[in-house]
Amino acid sequence: MAGNLIEFKDVSFRYSEQDPWVLKNVTFTIKEDEWVAIIGHNGSGKSTIAKLINGLLFPQEGEILIGGKKVTEDSIWDIRKDVGMVFQNPDNQFVGATVQDDVAFGMENRGITREVMVERIQSTLEAVGMSDYQFTEPHRLSGGQKQRVAIAGVLAISPRVLILDEATAMLDPNGRKEIMQTVSQLQSKQGLALITITHDLQEVVQANRVIVMNKGEVWKESVPREIFTEKEELRKIGLDVPFVTTLADALKDIGVSISKEPLNHEELLEELWTLHLRT
Amino acid sequence: MNNSLIIGQYVPGNSIVHRLDPRTKITIIFFFVFIVFFANNLPSYAILVAFAFASMFASKVPIRFILKGLTPVWFLIIFTFLLHLFVTKEGTLVFDLWIFKFYSGGVIRGIAIAIRFFLLILVTSLLTLTTTPIEITDAIEDMLGPLKKIKFPVHELALMMSISLRFIPTLMQETDKISRAQASRGVDFRTGPIKDRIKAVIPLLVPLFVSAFKRAEELAMAMEARGYQGGEGRSKLRELKIEKMDIFVYIIFIVVIILLFVTRTYG
Ligand SMILES: Nc1ncnc2c1ncn2[C@@H]1O[C@H](COP(=O)(O)OP(=O)(O)OP(=O)(O)O)[C@@H](O)[C@H]1O
Ligand SMILES: [Mg+2]
């Protein structure tokens, strides 16, 4: 049984005294090899959670523990070694003049020696499939390629958790799929925790667990299949339900019996072609 | 999009001059700019010209790039030449037609000044032609290093420079996008009286600045999230190293200086 890596204990947060609470009594834990998806409508507080995890913000109430260490002004530099974060806009997080400079940025900040850096640049670029672009300048890369570089830069510091805050939102469906494949492989291979923040319900299907945020509160916390059974409520709090799920619903409405909630096309197909065995 | 603005004038290559440490290049150019003014006779000019041309050929940069770098200053070179030709009234009269009275002294001085100009431009453009902006930044950071002792923010300045260089293409792409978006809404940047055109630039600049500030804010946060906490305790991936080649080039340059001071006329 893996230990808890991230613990939110009754965390409340607001940006200033006058502002309303952005997070209200948020409590959850994430294990050290788990993939958790956080979904919710715009402004539900997802990005705020991400920023709280690596100490870009501090909660007014409650506490946050990363690997057992409380997030405070004093511990943030240690904690940032364990927390890698990739943001939404690929351009605004690319610091280096070339791909290798950008991958090195986080390592340079930690004073890692040159030999180690060179080695890790090779291995992480390989892991995200960007080895051919080591000396390329950012303006010659596509958005998806820049996001891969950002992921490589984060992996280079060997974090214990990787947070993708809508990191695929600006990509086309293909780019999105590729990035998700890359990170899910990395996650299972390197055994790190993965938090994907999204409002694309397609993306949560592969996660081990889903946390649904609504107006700053944890609305539900469950496995993906469970979440999708509550379509009406999901729609009510402003989330799009995947097409397969909607289709399965419509089929049920006309009397087709579907035993378990299908998460993708294959599962629905499975349900349908085995139908006569059950009727 | 204007490619020359993106990477400066840099012409990729692998020549000796390209591989020299950027600090070596900057130092030599700095002193070259000084010694040019000490040349005062044919042999001394010949030495400088030989050095400049030798560097040029060693850089293997195609001549047309070098000429392109010189275009904006041709006018200046010719202008100063003519100025000396008309103004100086020394030596013997070599040309006399109506108001055109040229003296030998004027011709010689005009040529000398033109050569000085030409050499200065040639050598400085060799620097930008064979060195990436980021290498120049690294070199400046390193050479200003001692100023850190008096709390001069050397690292911060260098980082600022390198991030600016990194964002120039991004902001240019954005300018292009905004100007198209505004043009499609009927804003006209290209015709009409100057006053109207200046006014038309405002709807271009305002969104550009707004987005630049937003970028800056996000970039700052991303940098912090990646553990950036100033220059203290930072290591560097890019490394400047003085090689044998650099020492060799320094020696040649010192020989050039000595020859120059031996051959120039005194008194
Ligand atoms: N810097 C800030 N200052 C004040 N309020 C802010 C700031 N950033 C976010 N907020 C507010 O906090 C709330 C939660 O924002 P947050 O960015 O966490 O939402 P989100 O779930 O990530 O939304 P999205 O899906 O749009 O990214 C919003 O109501 C937002 O207006
Ligand atoms: Mg967000």
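Chain identifiers are assigned alphabetically (A, B, ...) following the order of the sequence lines, protein sequences preceding nucleic acid strands; residue numbering begins at 1 within each chain. Treat the numbers as computed from the prediction; the structure is a model and nothing was measured.
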Query raised in the report: Of the backbone (N, CA, C, O) and the side chain (C-beta and beyond), which part of A:I121 lies under 4.5 Å from a heavy atom of chain B, both, or neither?
Result: side chain
Report summary line: So, the part of A:Q88 with a heavy atom under 4.5 Å from chain B: the answer is neither
Answer whether the closest heavy-atom distance between the side chains of [X] and [Y] falls below 4.5 Å.
X      : Y      : result
A:V118 : B:L237 : yes
A:E108 : B:Y228 : no
B:R234 : A:F105 : yes
A:F94  : B:R166 : yes
B:F167 : A:V95  : no
A:N109 : B:Q229 : no
B:M221 : A:K51  : yes

Query raised in the report: Nearest 0.5 Å, what's the CG-CD distance between B:L165 and A:E137?
Result: 11.0 Å
**Report entry** Gap separating the CG atom of A:D91 from the OG1 atom of B:T170, nearest 0.5 angstrom
**Finding:** 4.5 Å
Heavy-atom pair count under 4.5 Å with chain B, highest-scoring of [options]:
options                : value
A:G153, A:P138, A:A104 : A:P138
A:R110, A:M85, A:K81   : A:R110
A:D101, A:N54, A:T98   : A:D101

More than 12 heavy atoms of other residues, nucleotides or ligands under 6.0 Å from [atom1] of [X]: is that the case?
X      : atom1 : answer
A:Y133 : OH    : no
B:K177 : NZ    : no
B:F30  : CZ    : no
A:Y15  : OH    : yes
B:F31  : CZ    : no
A:Q60  : CD    : yes

Requested in this report: Look at the side chain of B:S235 and the backbone N and O of A:T113, then say whether any donor-acceptor pair between them is shorter than 3.5 Å.
Outcome: no
Query raised in the report: Of B:R215, B:E217, B:K214, which is the lone residue that meets side chain to side chain donor-acceptor pair (under 3.5 Å) with A:N92?
Result: B:R215
Taking [X] first and then [Y], would you say they form a salt bridge - that is, a charged N and a carboxylate O separated by under 4.0 Å?
X      : Y      : answer
A:R80  : B:E224 : yes
A:D102 : B:R226 : yes
A:R114 : B:E239 : yes

**Report entry** Nearest non-hydrogen partners of B:A222 and A:F87, listed with the distance
**Finding:** CA-CE1, 3.7 Å
